[in-house]
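Note sheet for the following structure.
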Amino acid sequence: MAPFQPFFRNRHLATIAANFWPRDYPTDLFPSQVELIQTEPEVRVLTVTQRPQQPSTAHVILLHGLEGSHESGYMVSLAQTLLRSGMTVTRLNMRTCGGSEAYCKTLYHAGLTTDLAAVVQSIRTKSDAPVFIVGYSLGGNVVLKFAGESRSSLRVDIAGVVTISTPIDLGACCRQMMKPENFLYQRRFVARLKDRYRRRHRQHPDVYSLDGLDRIRSVYAFDHHFTARYFRFGSADNYYSTQSANQFLDGIAVPALLIQAQDDPLIPFDVYRHPAFEANPCLQLLATQYGGHVGFVSRELPRFWVDHTVSAWIDAQRNKLP
């Protein structure tokens, strides 16, 4: 894997630039197949699958971050890189994301792994290709928790996982977001969470009360008053402590690559000084000095360093399989 050569050494510029950097790809090379997968009796999630033009060497599931979707730029560009490398790609939307609100009545949260498990099983019934999972930010927490709680039984289902800019300690990362320097990120996330919740209320007013929503000013407050209440965690603190991926790192029994910038404005790097990285040989931490949050814009081509790093790692792991 090539070392990262940062285009930006300012963590906020790295984060914001990656979000707006053009990612133009031809849309006709790899036709998309949209599928709704039943994960619970009244829940279906929306997936978008594309296949390479040659026989597929692996099947990679991509999972987006908070308030993202299969259309998020980082999902699209990684998918294109993997497809050009000969891999099938399924971009998975968390519940209600990517225009799928009509297919369930629920919300999503950072530790909800049942949908991912159902999608993995659906893919395994249709293909013998090795399955890898890649998660971004909050989606990375879901991926690591899924891998850790499944333990060794997961070996028969997936060949490895990759996460990028993942808040493995949800409480610490939420406190980090509340710092004044991160006001713009917090405001953006809160606005999107509130918009989604209002849409849920319009569709299911008997389930989703708007009481107190206008007073919400932080992700913590939203999680405390709405996410925790809806999923019966009791409080945001209990939600974070029980659903954070750092509680499951010891149980991961498949190769796992965790890519994390030390200057990430939303994730204090101290959370990655977890003893599991020394104790669990399956974990590989790739820590760059710069990169921001889901940034990693390179001053050299190819511009999106993460895409080719992930593709190369998956290819290397695939070559190790019997």
Side-chain angles (χ1 to χ4, degrees), residues 25 27-52 56 58-80 82-83 87-143 145-147 149-150 154 157-158 161-162 192-193 195-208 227 230-231 243:
Y25 299 97
T27 58
D28 57 346
L29 287 180
F30 309 103
S32 298
Q33 176 187 353
V34 177
E35 183 179 5
L36 292 170
I37 296 178
Q38 191 94 30
T39 64
E40 290 182 3
E42 295 185 355
V43 176
R44 289 183 292 171
V45 294
L46 188 149
T47 65
V48 178
T49 298
Q50 294 170 283
R51 292 176 172 81
S56 180
H59 196 132
V60 186
I61 303 169
L62 309 185
L63 188 58
H64 59 82
L66 180 65
E67 290 304 289
S69 75
H70 70 278
E71 295 180 322
S72 297
Y74 52 82
M75 295 272 281
V76 173
S77 66
L78 177 56
Q80 289 291 318
L82 295 172
L83 286 160
M87 306 179 202
T88 298
V89 179
T90 293
R91 287 174 283 155
L92 166 62
N93 288 279
M94 295 187 196
R95 297 182 184 188
T96 76
C97 296
S100 64
E101 291 177 328
Y103 305 117
C104 69
K105 293 183 179 181
T106 73
L107 302 172
Y108 66 85
H109 68 76
L112 186 62
T113 58
T114 52
D115 295 342
L116 178 57
V119 171
V120 169
Q121 290 304 313
S122 175
I123 290 172
R124 295 295 291 138
T125 62
K126 302 171 186 175
S127 172
D128 292 329
V131 176
F132 294 85
I133 312 175
V134 180
Y136 287 86
S137 195
L138 182 137
N141 190 82
V142 176
V143 169
K145 179 174 179 282
F146 168 66
E149 66 190 7
S150 301
L154 201 63
D157 293 321
I158 66 171
V161 300
V162 183
R192 291 189 172 190
L193 286 166
D195 286 346
R196 181 176 302 280
Y197 191 87
R198 290 189 180 99
R199 292 196 299 272
R200 294 277 77 188
H201 169 75
R202 289 194 295 269
Q203 294 160 340
H204 308 287
D206 56 323
V207 177
Y208 299 98
T227 308
Y230 181 84
F231 288 103
Q243 303 303 304

Quick one: closest heavy-atom pair of Gly65 and Tyr74, and the distance?
N-OH, 3.0 Å
Rounded at 0.5 Å granularity, tell me how far OG1 in Thr227 sits from CG in Leu193.
7.0 Å
Taking the side chain as every heavy atom from C-beta outward, state whether Arg91 and Gln50 have any atom pair closer than 4.5 Å.
yes
Determine whether Thr88 and Val60 make a side-chain contact, defined as any pair of heavy atoms from C-beta on separated by less than 4.5 Å.
no
Keeping the roles fixed (side chain from His204, backbone from Asp206), state whether a donor-acceptor pair exists under 3.5 Å.
no
Partners meeting side-chain contact (heavy atoms from CB on, under 4.5 Å) with Arg198 (sequence neighbours left out):
Lys194, Asp195, Arg202, Leu210, Leu213, Asp214
Are Leu46 and Arg44 packed together at the side-chain level, in the sense that at least one heavy-atom pair is separated by less than 4.5 angstrom?
no
Full working for side-chain contact (heavy atoms from CB on, under 4.5 Å) between Leu62 and Leu92
CA-CA 6 Å; Leu62 309 185; Leu92 166 62; over 6 Å; no
For the residue pair Tyr230 and Tyr208, is the inter-centroid distance of their aromatic rings smaller than 6.0 Å?
yes
Side chain to side chain, His64 and Cys97, heavy atoms closer than 4.5 Å
yes
Look at the side chain of Thr47 and the backbone N and O of Glu35, then say whether any donor-acceptor pair between them is shorter than 3.5 Å.
yes
Quick one, Ile133 and Phe146 - any side-chain contact, counting heavy atoms below 4.5 Å?
yes
Euclidean distance, Ser32 OG relative to Arg51 CZ, rounded to 0.5 Å
10.5 Å
Atom pair CE/CG of Met75 and Leu63 - distance to nearest 0.5 Å
6.5 Å
Does Ser69 have any side-chain contact (heavy atoms from CB on, under 4.5 Å) partners at least two apart in sequence or in another chain, and if so, which?
Glu71, Ser72, Asn93
For His109 and Val142, the nearest pair of non-hydrogen atoms, with its separation, is O-CG2, 4.1 Å
Across all chains, not counting sequence neighbours, the salt bridge (charged side-chain N to carboxylate O under 4.0 Å, His left out) partners of Glu67 are Arg196
State which residues pass side-chain hydrogen bond (donor to acceptor under 3.5 Å, both in side chains) with Thr39; sequence neighbours excluded, sorted by chain then number.
Asp115
Distance in Å, Ser56 OG paired with Leu82 CG, rounded so as to fall on 0.5 Å steps:
10.0 Å
I need the minimum non-hydrogen distance between Leu107 and Leu112, along with the two atoms involved.
O-CD2, 4.2 Å
So do Val207 and Arg200 actually touch side chain to side chain, heavy atoms under 4.5 Å?
no
Does His59 use its side chain to pair, donor to acceptor, with the backbone of Ile123 at less than 3.5 Å?
no
Sub-3.5 Å donor-acceptor pair from the side chain of Ser137 to the main-chain atoms of Gly139, do we have one?
no
Phe132: ring pair (Phe, Tyr, Trp, His ring centres under 6.0 Å) partners, not counting sequence neighbours:
none
Considering all heavy atoms of both residues, which atom of Val161 and which atom of Ala147 are nearest to each other, and what is their separation?
CG1-CB, 4.4 Å
Atom pair CD1/CD1 of Ile158 and Ile61 - distance to nearest 0.5 Å
8.0 Å
Who are the salt bridge (charged side-chain N to carboxylate O under 4.0 Å, His left out) partners of Glu40, not counting sequence neighbours?
Arg95
Is there side-chain contact between Arg124 and Val131, with heavy atoms separated by less than 4.5 Å?
yes
Could you check whether Asn141 and Gln243, counting side-chain N and O atoms only, form a donor-acceptor pair closer than 3.5 Å?
no
Looking at side-chain heavy atoms only, is the closest gap between Val43 and Tyr103 below 4.5 Å?
no
